K.L.:
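Would you mind keeping the following structure in view while I ask a few things?
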Amino acid sequence: MRTTDSHGPRYLLSAVLCVSLAGVAAAQNAPRTVAEKSGFTATSRYADVMAFIAELQRLSPRVRLEPMATSAEGREVPLLVIGDPAPASPADLRGDDRAVVYFQADIHAGEVEGKEAAQMLARDLALGKTATNYLDRLVILVAPIFNPDGNEKISTENRRNQRGPDQGVGERYNGQSLDLNRDGMKLETPEVRGLVGVLNRWDPAFFLDSHTHNGSYHQEPVTWVWGLNPNGDSTILAWASNVLFPAITARMRDAYGILTVPHGDFVDPRDPAKGWIPLGPEPHYLSNYVGLRNRISVLNEQYPYVDFETRVRGAYAVFLAFLDYLHEHRDEVVSLVRGADKRAIARGLAAGGAFTVATDTQAIAQRLMIRGYEMEVTVGPGGRPRARPTERKRTYENVPYLARFAPARTVPYPRGYLIPVADDRVIENLLAHGIVVERLLAPAKLTVEGFRVTEITGDRRPNQGHYMTAVKGESATAEREFPAGTLFVPTAQVLGPLAAALLEPESDDGLLVWNFFDRYLAPQFGGGAQPYPVYKLHVPANLVTERVTGP
Ligand SMILES: [Zn+2]
């Protein structure tokens with residue numbers, strides 16, 4: 001520091017500037033992520049993320065840390081509650097019109113772009129460095145490292161097809177060797193259970209799950225798609241496709257200079273014009289699961305063949321583009337999800353057969369444009385054709401996009417489901433989702449629809465630790481006596497559509513598929529399978545029940 005008289009006036013001026021620029025100085029001391037510090041050659045480890053969060057908390061009261069789960073290997077999964085002020089709990093938000101939104105990253109811990117971008121986002125929100133002050137209307141939940149156990153298995157051998165980071169990335173699976181993005185219905189991982197706890201406690205109107213893809217060649221560095229399950233609220237589904245999609249596409253292009261295309265892959269990589277398909281609509285994918293809970297839901301996938309810095313910046317920009325939209329349209333978004341809740345309840349109250357639930361789906365094409373490449377087809381190993389992009393860019397117009405999943409088969413939506421077997425695992429699963437479950441206090445004689453299983457098959461290959469069960473059968477209506485203690489799951493509740501997807505016998509992603517009912521179906525003395533132990537009530541009935549709070 002200069003103290004000579006000749007420099008006195010300058011020194012004084014500097015001192016004044018130092019005071020007035022204190023905010024800038026704090027921003028300059030702002031923590032940098034491992035990706036930023038390493039020149040985008042490395043990604044953060046769990047300890048780096050936790051130290052980064054601790055530093056943010058030291059610098060800003062806007063960030064509160066809430067553990068959302070303990071991973072299989074014993075790591076606390078951090079949830080950042082970012083607000084101005086940061087609410088101490090969901091109860092703190094009563095009488096507060098801020099909307100809660102949720103961003104999640106690193107679910108597949110080889111796909112680390114979102115983890116770096118989520119830390120950048122948390123920092124920039126905490127230190128007031130974003131161009132828009134989102135925190136006057138939003139409380140922003142950020143789960144930057146959703147799969148810490150997979151993250152800690154960083155190796156340069158993982159995801160070698162993508163461009164960096166040079167120092168390696170983590171693994172796809174969690175500490176139980178399970179894929180967290182297949183656990184939306186069965187809830188067998190502590191991380192997804194933690195997420196569902198956050199959904200139940202904080203009820204975010206919006207959910208985004210950040211990934212990096214591993215598929216077709218195109219020019220757009222960022223892709224995303226909304227929750228696709230057709231049993232979700234049809235108003236939200238149409239709004240996501242017709243309103244949100246064009247708005248975010250324009251915002252990404254115009255404000256952030258980044259091209260996007262809906263998430264997908266070419267049906268035939270040799271001929272991109274044939275079609276573009278997203279992931280399936282099954283709710284074991286978390287983006288579809290949250291959509292089935294009637295919340296606005298986004299799967300975001302970065303493009304793996306651009307460099308790591310471009311991917312991190314793409315992930316960051318997509319966070320901001322959605323925040324821009326949510327901030328500007330908060331009231332519309334909140335009324336959309338509140339309306340969906342009312343419609344879900346009304347659907348359950350409507351008398352027998354007015355509504356249906358889809359147990360199978362078919363994709364209907366919309367049209368879109370993809371900026372791709374001309375493809376070169378060569379003969380790969382085993383004589384199989386292999387398609388590689390050439391240097392020649394080519395725009396494919398009017399490509400069929402198979403993202404609107406219409407019901408291919410439907411069954412009547414009931415007033416409720418009766419389950420005479422009080423199975424602890426079933427009760428525990430339903431309650432973990434946040435579904436209201438009741439128990440009959442007295443026997444009841446009711447006319448119900450039952451499902452007689454005529455054929456039962458198990459998959460020959462395991463999937464997520466399961467040999468998945470499939471059944472065929474027929475429904476029949478009959479009077480039946482249900483003993484006291486029988487479970488009753490009313491569909492006139494916010495999570496009615498989710499309950500139906502879990503309990504319908506022919507649901508393509510229900511508890512039957514995931515083996516929860518196998519023991520009840522197996523023939524006891526040879527002969528045919530036992531009836532499915534879940535019955536559908538289609539007519540109003542005066543049931544004397546109590547709320548079930550645990551197995
Ligand atoms: Zn992924």
Side-chain angles (χ1 to χ4, degrees), residues 35 43-44 49 71 77 102-118 142-155 157-165 168-186 188-189 191-192 194-195 207-218 220-229 260-266 276-291 297-306 308 310-312 314-316 318-319 322 403 463-464 509:
T43 191
S44 38
V49 177
S71 73
V77 182
Y102 175 94
F103 294 83
Q104 171 176 291
D106 210 35
I107 177 170
H108 293 146
E111 305 163 18
V112 296
E113 293 69 22
K115 175 185 58 177
E116 301 301 331
V142 179
I145 184 164
F146 187 59
N147 177 7
D149 295 352
N151 190 77
E152 291 311 273
K153 299 178 179 98
I154 288 179
S155 162
E157 294 301 305
N158 295 336
R159 285 181 68 88
R160 291 177 58 176
N161 62 326
Q162 69 183 18
R163 283 179 61 191
V169 295
E171 280 188 2
R172 182 179 184 86
Y173 298 125
N174 81 338
Q176 300 161 289
S177 293
L178 293 175
D179 186 335
L180 298 177
N181 203 26
R182 304 292 182 273
D183 198 34
M185 299 298 266
K186 58 191 173 61
E188 291 177 333
T189 63
E191 294 86 354
V192 172
L195 164 65
F207 166 93
L208 182 146
D209 197 16
S210 176
H211 293 246
T212 297
H213 197 45
N214 182 16
S216 296
Y217 295 94
H218 53 88
E220 299 87 351
V222 174
T223 77
W224 67 279
V225 73
W226 46 94
L228 294 170
N229 191 277
T260 60
V261 71
H263 158 69
D265 280 299
F266 291 115
W276 183 247
I277 43 168
L279 78 167
E282 297 86 359
H284 57 241
Y285 299 112
L286 294 182
S287 49
N288 295 334
Y289 170 74
V290 175
S297 183
V298 168
L299 168 75
N300 159 228
E301 297 262 5
Q302 271 53 250
Y303 181 68
Y305 313 124
V306 288
F308 184 48
T310 301
R311 302 202 303 270
V312 173
Y316 183 79
V318 93
F319 291 162
F322 279 105
N463 174 21
Q464 301 298 313
D509 210 1

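Remember, it's 1-based here, ligands and their atoms both numbered in the order they're listed. Predicted model only: the values in this text are computed from it and were never measured.
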K.L.:
Which residues pass the ring-ring contact (aromatic ring centres under 6.0 Å, His included) test with His263, sequence neighbours left out?
P.N.:
His213
K.L.:
Would Lys153 and Glu171 pass as an ion pair if we require N to O under 4.0 Å?
P.N.:
no
K.L.:
Determine which of the N, O or S atoms in His211 is closest to the Zn ion (ligand 1) and give its atom name.
P.N.:
ND1
K.L.:
Who pairs with Ser44 by side chain to side chain donor-acceptor pair (under 3.5 Å), at least two apart in sequence or on another chain?
P.N.:
Glu116, Gln119
K.L.:
Just wondering, is there an N, O or S atom on His108 that's nearer than 2.8 Å to the Zn ion (ligand 1)?
P.N.:
yes
K.L.:
Of all the atoms in Glu111, is at least one N, O or S atom closer to the Zn ion (ligand 1) than 2.8 Å?
P.N.:
yes
K.L.:
Using side-chain contact (heavy atoms from CB on, under 4.5 Å) as the criterion, point out the one residue from Asn288, Asp509, Val192 that pairs with Met185.
P.N.:
Asp509
